[in-house]
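See structure below.
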Amino acid sequence: MPHKTRQRTRLTDRPFIIVNMAMSADGKIAAPDSGFSRFGSPRDTANLYRIRQGADGILSGSETIRLEQATLTTDRDSPKRNARQKPLRILATGRGTLSTKTPFFQVSGPPILILTTRRIGPKRFAAYQDYAAGIFVSESRSIDWSSALKWLRQRWHIRTLVCEGGATLNQSLFRLNYVDELNLTLCPLIIGGKSSPTIATGTPFPSLQEAAPFQLIRRRVVNRECFLTYRRLPVATAAQGPQK
Ligand SMILES: NC(=O)c1ccc[n+]([C@@H]2O[C@H](COP(=O)([O-])OP(=O)(O)OC[C@H]3O[C@@H](n4cnc5c(N)ncnc54)[C@H](OP(=O)(O)O)[C@@H]3O)[C@@H](O)[C@H]2O)c1
């Protein structure tokens with residue numbers, strides 16, 4: 001029988017969430033100026049596409065989409081595949097800062113969903129309506145994840161959601177213990193810099209006891225990179241500090 005943590009939990013009120021990131025050996029995901037965040041090998045890119053293809057939705061924050069000119073498409077997108085409408089491409093933006101002129105909106109690909117808040121201006125909201133199949137507006141200042149994820153699961157039938165960062169978006173999901181699986185590609189380089197982002201910035205956990213606990217369930221070394229998969233553990237597990 002497979003190890004229990006390898007099985008994906010059946011969730012009905014939200015998708016199963018996978019965070020997928022490439023990280024340097026010193027734990028950074030980009031330089032301070034948000035430069036050179038694409039430092040993974042072609043094998044890492046192939047892995048990213050494989051994970052995308054297994055998902056019903058791909059989620060990213062507005063900064064990542066803007067800086068990386070990301071489209072959140074897969075390498076198998078074709079008119080035929082688009083007709084299947086998966087994986088949906090999902091933008092997280094509190095204020096609607098991402099222009100509709102960016103490739104994310106301009107490429108042809110699976111439908112777009114937008115998660116936003118009451119802070120979005122009416123003009124940008126109207127512009128987004130021309131491109132998005134659905135827009136979820138939280139009444140709060142930041143995205144109400146419980147309701148937004150329920151909307152994705154129940155209205156759009158998203159069972160598996162891949163979150164591709166960046167750091168701010170990741171941490172808002174880690175903070176709520178909504179990240180079920182973490183895929184990290186450990187890349188053999190040092191980026192350095194105190195202000196270079198890690199996989200999770202934003203508001204930290206208030207104490208070690210509350211920090212999100214994970215268990216390493218798989219590791220693979222391919223050429224110079226290490227592909228790591230972690231599964232979320234129940235929160236109380238974090239309270240068990242090192243034995244002294
Ligand atoms: N190495 C890797 O694998 C990898 C992967 C992805 C990204 N990156 C790097 O990560 C950096 C970007 O990370 P980042 O932290 O600056 O930006 P981010 O998380 O991509 O985007 C932040 C923006 O997303 C929106 N957002 C995120 N969480 C929200 C929430 N809970 N409620 C409302 N809005 C929310 C807000 O948009 P608005 O401002 O529009 O309101 C916020 O300003 C870049 O350097 C990128 O290259 C690296």
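Only this structure's heavy atoms are used, side chains among them; waters, hydrogens and symmetry mates stay out. Counting starts at 1 for both ligands and their atoms, in listed order.
- A salt bridge is absent between D44 and R224; no separation between the charged side-chain nitrogens and carboxylate oxygens falls under 4.0 Å.
- Linking ILVMFWY residues whenever their side-chain heavy atoms come closer than 4.5 Å, directly or via other members, leaves L186 and I190 in distinct clusters.
- The N/O atoms of R141, backbone and side chain alike, include none that comes under 3.5 Å of an N/O atom in ligand 1.
- The shortest N or O to N or O distance between M21 and ligand 1 is not below 3.5 Å.
- Polar contact check, L98 against ligand 1: no nitrogen or oxygen pair lies under 3.5 Å apart.
- Figure legend: R220 and F227 shown as a cation-pi pair, the cationic atom lying under 6.0 angstrom from the six-membered ring centre and within 45 degrees of its axis.
- Looking at L169 next to ligand 1, an N or O pair under 3.5 Å apart turns up.
- Side-chain contact check for S41 and E225: at least one donor-acceptor pair (N or O, by modelled atom type) lies under 3.5 Å.
- No salt bridge links D56 with R159; every basic N to acidic carboxylate O contact stays at or beyond 4.0 Å.
- The shortest N or O to N or O distance between T64 and ligand 1 is under 3.5 Å.
- An N or O contact shorter than 3.5 Å links E68 to ligand 1 by distance.
- Taking any N or O of I29, backbone or side chain, at least one lies under 3.5 Å from an N or O belonging to ligand 1.
- Counting non-hydrogen atoms of neighbouring residues, nucleotides and ligands closer than 6.0 angstrom, the CG atom of N223 reaches no more than 12 such neighbours.
- In terms of polar-atom proximity, defined here as any N/O pair under 3.5 Å, T97 does make such a contact with ligand 1.
- L59 places a side-chain heavy atom less than 4.5 Å from the side chain of L173.
- Put simply, the side chain of K150 does not reach to within 4.5 Å of the side chain of R14, judged on heavy atoms.
- Backbone and side-chain nitrogen or oxygen atoms of T93 are examined, and one is located within less than 3.5 angstrom of a nitrogen or oxygen of ligand 1.
- For ligand 1, the atoms lying closer than 4.0 Å to a non-hydrogen atom of G94 are 33 (C), 34 (N), 36 (C), 37 (O), 38 (P), 41 (O).
- Side-chain contact check for S142 and S140: no donor-acceptor pair (N or O, by modelled atom type) lies under 3.5 Å.
- Distances below 4.0 Å separate heavy atoms of L67 from the following atoms of ligand 1: 44 (C).
- Comparing heavy-atom distances from atom 26 (N) of ligand 1 across A92, A167, S196, S140 singles out A92 as nearest.
- Residue P197 places no heavy atom under 4.0 Å from ligand 1.
- Near R95, the atoms of ligand 1 lying under 4.0 angstrom from a non-hydrogen atom of the residue are 38 (P), 39 (O), 41 (O).
- When heavy-atom distances to ligand 1 are checked against a 4.0 Å cut-off, S172 comes that close only through its side chain, counted from C-beta outward.
- A salt bridge does not link R118 with E139: none of the charged nitrogens is closer than 4.0 Å to a carboxylate oxygen.
- Listed by number with element, the atoms of ligand 1 under 4.0 Å from a non-hydrogen atom of E164 are 5 (C), 6 (C).
- Atoms of ligand 1 lying under 4.0 Å from at least one heavy atom of S142, given by number and element, are 32 (N).
- When each atom of ligand 1 is checked for a heavy atom of A30 under 4.0 Å away, the hits are 45 (O).
- Polar contact with ligand 1: absent for N20 (N/O pair, distance under 3.5 Å).
- Residue Y128 is tested with F104, F136, F105 for a ring-ring contact (aromatic ring centres under 6.0 Å, His included); the sole match is F105.
- With a 6.0 Å radius and a threshold of 12 heavy atoms from other residues, nucleotides or ligands, R119 has its CZ atom above the threshold.
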